[in-house]
Protein chains: 2
Amino acid sequence: MAAPRKARSADNGARLRLIAATATIMRDEGYAAATSRRVAAEAGVKQALVYYYFPSMDDLFLEVLRAGTEVSLNRIRDALAADDPLTALWTLNSDLRMTALNTEFMALANHRKAIRAELKSIAERVRDIETAAVTVALRARGIDLQAAPPVAVSMLIAQTARSLCNEEAVGVTLGHDELREFVEHQLRTLGAPSPEAAHSVD
Amino acid sequence: MAAPRKARSADNGARLRLIAATATIMRDEGYAAATSRRVAAEAGVKQALVYYYFPSMDDLFLEVLRAGTEVSLNRIRDALAADDPLTALWTLNSDLRMTALNTEFMALANHRKAIRAELKSIAERVRDIETAAVTVALRARGIDLQAAPPVAVSMLIAQTARSLCNEEAVGVTLGHDELREFVEHQLRTLGAPSPEAAHSVD
DNA sequence: GTCTATAGGCGGATAGAC
DNA sequence: GTCTATCCGCCTATAGAC
């Protein structure tokens with residue numbers, strides 16, 4: 001917090017470049033490769049500057065996580081405003097680009113308290129947003145919310161999509177076509193709001 | 001391969017202790033903490049001995065993975081031989097003990113070819129075993145295997161259980177009760193082999 | 001099979017000049 | 001705000017004694 005945050009004063013964007021560089025290296029080579037020297041080089045600055053902006057490397061990792069959060073949350077909110085929130089949820093969590101970085105942070109979170117707390121907070125915000133969208137969608141389809149709690153349906157869709165991405169990232173694809181087809185079939189079946197339910201919402 | 005494998009000759013179990021020590025440290029502090037010095041200390045030997053048994057630290061990581069494989073596969077096979085394979089699959093993958101180590105290896109696999117290949121091979125063997133058990137269970141329940149492909153059902157159950165564990169490991173529990181209850185309700189519904197199906201198998 | 005010793009490098013972090 | 005220079009520790013890996 002001692003380091004400048006929004007102070008766009010004399011800073012040439014080095015802070016932002018450092019955050020972006022760290023994310024890139026973590027994604028491509030793992031958190032262990034994201035050293036102060038490597039991220040500085042990637043950002044085009046000298047190593048000591050890292051410690052001008054961030055008290056320690058752990059703080060930098062935390063900032064990488066925070067920087068991605070608002071962007072992600074907005075993407076999620078936008079996507080879930082679409083016609084079919086259930087399919088949107090599936091597509092959203094099938095995005096392979098975030099997978100590697102997520103895995104790194106999960107691994108980090110297992111051993112660093114600050115990362116764990118931040119990740120928990122983010123995960124819960126995401127879940128709240130996704131569950132809200134699913135609630136609306138299920139209600140519009142006339143589905144009994146007691147029998148199929150929106151939060152459970154939301155998690156099922158999102159976690160399944162993520163699991164497929166995680167596996168794909170390490171080259172495992174056995175059964176993926178079948179599971180994708182199965183899920184997408186269920187989504188199509190639930191696809192359109194049922195007529196009688198549409199009335200009951202009026 | 002130059003290092004002794006099953007040579008129980010004059011070795012006091014140092015090799016096995018090194019593998020166990022590495023697993024412990026990876027689980028507790030992450031793969032980056034599993035250095036030759038730390039694992040040697042944990043195993044009660046000197047650092048250089050690590051390089052007598054393993055050409056490099058990466059090779060040691062690989063051996064940790066391999067050592068766990070046979071144990072795990074047997075556990076899985078045993079569990080799935082139970083009365084209710086679907087519930088067994090759910091319980092099996094809800095085991096919190098393996099979670100942290102799995103996460104470490106997933107992260108490692110994203111950046112090391114040898115680990116990735118080994119993990120892929122293991123994952124596919126596990127999937128084959130689990131799918132076989134699910135196939136039998138679904139058939140016994142008279143479920144249409146075209147509409148619900150065993151590999152998809154198997155993945156859905158296993159991956160959902162694992163996702164819950166992964167989240168729990170970082171302290172996220174929002175919605176877990178609802179999802180567990182939902183899944184377990186579905187499992188109960190599918191619980192007993194249906195009478196007519198039982199006949200059709202005769 | 002296990003050790004001591006060491007080479008040579010990279011790591012986090014700080015002091016202080018500009 | 002960015003740099004140079006530096007401290008000091010830990011790392012992987014090897015050589016060679018016992």
Side-chain angles (χ1 to χ4, degrees), chain A residues 1-22 24-26 28-64 104 107-108 111-115, chain B residues 1-22 24-26 28-64 104 107-108 111-115:
Chain A
M1 302 300 178
R5 276 304 206 92
K6 288 288 176 185
R8 313 289 294 97
S9 44
D11 140 31
N12 286 327
R15 195 188 124 93
L16 290 178
R17 285 207 313 280
L18 281 169
I19 291 175
T22 306
T24 300
I25 294 173
M26 285 180 73
D28 295 349
E29 303 179 48
Y31 65 79
T35 68
S36 58
R37 283 172 172 79
R38 296 271 283 103
V39 303
E42 178 83 18
V45 298
K46 297 298 174 179
Q47 183 248 357
L49 197 61
V50 172
Y51 294 92
Y52 172 76
Y53 286 107
F54 310 96
S56 73
M57 287 305 293
D58 272 25
D59 292 279
L60 171 51
F61 290 150
L62 213 44
E63 290 306 313
V64 171
E104 293 301 321
L108 266 180
H111 313 293
R112 318 237 183 156
K113 228 168 34 179
I115 302 275
Chain B
M1 302 302 176
R5 276 308 205 91
K6 287 288 177 185
R8 313 290 294 100
S9 44
D11 140 32
N12 285 325
R15 195 189 125 93
L16 289 178
R17 286 206 312 280
L18 281 170
I19 291 176
T22 305
T24 300
I25 293 174
M26 287 181 72
D28 295 348
E29 303 179 47
Y31 67 79
T35 68
S36 58
R37 282 174 170 76
R38 297 271 284 98
V39 303
E42 179 83 19
V45 297
K46 298 298 174 180
Q47 183 249 355
L49 196 61
V50 172
Y51 293 92
Y52 172 75
Y53 285 107
F54 310 97
S56 74
M57 287 305 292
D58 272 24
D59 292 280
L60 172 51
F61 290 150
L62 212 46
E63 290 305 312
V64 171
E104 292 303 319
L108 266 179
H111 313 293
R112 318 234 184 159
K113 227 168 34 180
I115 302 275

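Reminder, nothing fancy here: chain letters follow the sequence lines and each chain counts from 1.
Relative to the side chain of Y53(A), the nucleotides dG1(C), dG1(D), dT14(D) differ in distance, and dG1(D) lies closest.
If you measure from atom CG of L49(B) to atom P of dA5(C), you get 17 Å, rounded to the nearest angstrom. Here the P atom of nucleotide dT6(C) and the NZ atom of K46(B) are 15 Å apart, to the nearest Å. Put simply, OH on Y52(B) is 3 Å from P on dG1(C), counting in whole angstrom units. Distance I25(A) CD1 to dG11(C) C1': 14 Å, rounded to the nearest Å.
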Please write out the pairs of protein N or O atoms and N or O atoms of nucleotides 5-11 of chain D separated by less than 3.5 Å, giving the distance to one decimal.
{"from": "dC11(D)", "atom 1": "OP1", "to": "T35(B)", "atom 2": "OG1", "distance (Å)": "2.9"}

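Take T35(B) and apply the side-chain hydrogen bond (donor to acceptor under 3.5 Å, both in side chains) test, not counting sequence neighbours, and it matches no residue. Here F61(A) pairs with nothing under the ring pair (Phe, Tyr, Trp, His ring centres under 6.0 Å) rule; sequence neighbours left out. By the salt bridge (Lys or Arg N to Asp or Glu O under 4.0 Å) test, D58(B) pairs with R112(B), sequence neighbours left out. Residues that satisfy the salt bridge (Lys or Arg N to Asp or Glu O under 4.0 Å) test with R37(A), not counting sequence neighbours, are absent from this structure.
V50(A) comes within 4.0 angstrom of nothing in the nucleic acid, heavy atoms only.
The phosphate of dA13(C) (OP1 or OP2) has a side-chain N or O of Y51(A) nearer than 4.0 angstrom.
Of the inter-residue distances, the one linking E63(A) atom CD with T22(A) atom OG1 reads 10.5 Å to the nearest 0.5 angstrom.
Identified under the salt bridge (charged side-chain N to carboxylate O under 4.0 Å, His left out) test for residues 48-57 of chain A, with sequence neighbours left out: none.
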